[in-house]
Protein chains: 2
Amino acid sequence: MATAFAVLAEPHRRRILDLLLERPRAVGELVEELGLTQPGTSKHLKVLREAGLVRMRPDAQRRVYELRMEPLAEVHEWLEPYRRMWARRLDALERHLDAMPDLDD
Amino acid sequence: MATAFAVLAEPHRRRILDLLLERPRAVGELVEELGLTQPGTSKHLKVLREAGLVRMRPDAQRRVYELRMEPLAEVHEWLEPYRRMWARRLDALERHLDAMPDLDD
DNA sequence: GGTGTTTATTCCATTGTAGATATATGTCCT
DNA sequence: AGGACATATATCTACAATGGAATAAACACC
């Protein structure tokens, strides 16, 4: 199973996830929104499916796709130490400013 | 400038960022850690540089690379609505459990 | 059973990417 | 200036990914 990072590298696939975040949608809807051909859209959906980022539910001749967020945890967790570092820097800046003499009077 | 998502799709590049999160490093150090050839490492660094994810400071004949986290904000922000959705689901689950009769006695 | 509708699969062409080797550039030291 | 060292760039190759067109498969409806 491909890593979530590789899957998210493709803009159309991020767009698909954004659309599915609002609500589940059939392939046809996604085709319209993306401006891709139907086969192209289906192919991206296959990649997303194999990465566990979407789930498919048949509805007669249609296939309704819905979001599965679990694999996004990988990205969230990778980002974690960077967020921490970012916060630490903000703290340091704040302490720095607090320790500085007032220059504006 | 390439999107941060595309840059992060490559595992070696994520590894480089993780190493630079600890401290700035010269190319040689990164080559050792990655187990890649020097040119290969330099090429990844170029991609990272062009995406604004690292910064280069010459030090004699060495080039010391350090992390720049700003472009990671794009990823963080894209993830935001998913985090919100995730939190909402946890809330719903919690409310659901609270409303359930105790089964364990 | 045939037809229209919806989606998946296959095939092809194009392009992009990662890696390796060889080479160039620039810096230090003597 | 010359040699050693560190890094970047160029070139080549192999492979993967994207997108389109054509085709196949599944289902609904008459």
Side-chain angles (χ1 to χ4, degrees), chain A residues 1-20 23-68 71 74-75 78, chain B residues 1-20 23-68 71 74-75 78:
Chain A
M1 178 154 63
T3 179
F5 288 99
V7 174
L8 295 181
E10 230 288 325
H12 287 132
R13 288 197 286 259
R14 290 200 299 279
R15 189 83 212 296
I16 289 176
L17 294 182
D18 288 344
L19 290 166
L20 295 184
R23 63 168 181 281
R25 302 186 192 236
V27 178
E29 282 184 77
L30 297 172
V31 171
E32 281 192 10
E33 296 282 354
L34 295 178
L36 271 182
T37 59
Q38 176 267 311
T41 304
S42 277
K43 258 191 292 190
H44 283 305
L45 286 170
K46 182 179 188 176
V47 174
L48 289 165
R49 222 186 313 132
E50 288 174 349
L53 279 161
V54 301
R55 203 166 143 273
M56 191 265 275
R57 162 172 45 100
D59 171 32
Q61 73 272 71
R62 292 194 295 177
R63 309 296 169 93
V64 177
Y65 281 85
E66 59 183 66
L67 184 64
R68 282 195 63 238
E74 180 192 5
V75 180
W78 181 84
Chain B
M1 178 153 65
T3 179
F5 287 99
V7 174
L8 295 181
E10 229 289 324
H12 286 134
R13 288 198 286 260
R14 291 201 298 279
R15 188 83 212 296
I16 290 177
L17 295 182
D18 288 343
L19 289 167
L20 296 183
R23 62 170 182 280
R25 303 187 191 234
V27 178
E29 282 184 77
L30 296 172
V31 171
E32 281 192 9
E33 296 281 354
L34 295 178
L36 270 183
T37 60
Q38 176 267 312
T41 305
S42 277
K43 245 194 304 187
H44 283 306
L45 286 169
K46 182 178 188 176
V47 174
L48 288 165
R49 223 185 311 129
E50 289 175 348
L53 279 161
V54 301
R55 203 167 143 273
M56 191 264 277
R57 161 173 45 100
D59 171 32
Q61 71 274 71
R62 301 216 200 133
R63 310 295 171 91
V64 177
Y65 281 84
E66 59 182 64
L67 185 64
R68 281 194 63 237
E74 180 192 5
V75 180
W78 181 83

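Please read these numbers as outputs of a predicted model, since none were measured by experiment. Here is how names work: the chains are called A, B, and so on, in the same order as the sequence lines, proteins then strands, and each is numbered from 1.
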Rounded interatomic separation in angstrom, taking [atom1] from [X] and [atom2] from [N]:
{"X": "B:D59", "N": "D:dC5", "atom1": "CG", "atom2": "P", "answer": "17 Å"}
{"X": "A:L36", "N": "D:dT18", "atom1": "CG", "atom2": "C1'", "answer": "10 Å"}
{"X": "B:K46", "N": "D:dA6", "atom1": "NZ", "atom2": "P", "answer": "22 Å"}
{"X": "B:L45", "N": "C:dG19", "atom1": "CG", "atom2": "P", "answer": "13 Å"}
{"X": "A:R57", "N": "D:dA26", "atom1": "CZ", "atom2": "P", "answer": "21 Å"}
{"X": "B:I16", "N": "D:dT7", "atom1": "CD1", "atom2": "C1'", "answer": "14 Å"}
{"X": "A:E29", "N": "C:dT5", "atom1": "CD", "atom2": "C1'", "answer": "16 Å"}
{"X": "B:L48", "N": "C:dT17", "atom1": "CG", "atom2": "P", "answer": "14 Å"}

Give a yes/no on whether any side-chain N or O of [X] is located under 4.0 angstrom from OP1 or OP2 of [N].
{"X": "A:Y65", "N": "C:dA8", "value": "yes"}
{"X": "B:T37", "N": "C:dA20", "value": "yes"}
{"X": "A:R62", "N": "D:dA28", "value": "no"}

Measure across A:P24 and A:R57 and return the closest heavy-atom pair with its distance rounded to 0.1 Å.
CB-NH2, 4.1 Å

Quick one: does B:L20's side chain get under 4.5 Å of B:L30's, heavy atoms only?
yes

So for A:E10 and D:dA17, does any side-chain atom that can act as donor or acceptor lie under 3.5 Å from a complementary atom in the base?
no

Hey, does the side-chain of B:Q38 have a donor or acceptor N/O within less than 3.5 Å of a partner on the base of D:dA6?
no

How is B:P58 classified with respect to the nucleic acid when contacts are heavy atoms under 4.0 Å: base, sugar-phosphate, or nothing?
nothing

Under 4.0 angstrom, heavy atoms only, what part of the nucleic acid is B:G28 near: base, sugar-phosphate, or nothing?
sugar-phosphate

Regarding the side chain of A:R13, the nearest nucleotide among D:dT18, C:dT7, D:dA8 is D:dT18

Of C:dT21, D:dG19, C:dG19, the nucleotide closest to the side chain of B:P39 is C:dT21

Once the angle between the rings of A:W78 and A:F5 is folded into 0 to 90°, is it parallel (under 30°), tilted (30 to 60°) or perpendicular (over 60°)?
perpendicular

Backbone of B:G40 reached by a side-chain donor or acceptor of B:T37 within 3.5 Å:
yes

Would you kindly compare A:K43 and B:Q61 by the position of their nearest DNA chain D nucleotide and give the one closer to the 5′ end?
B:Q61

Of A:R63 and A:H44, the one whose closest nucleotide on DNA chain D sits nearer the 5' end is A:H44

Any salt bridge (Lys or Arg N to Asp or Glu O under 4.0 Å) pairs touching residues 36-54 of chain A, not counting sequence neighbours?
none

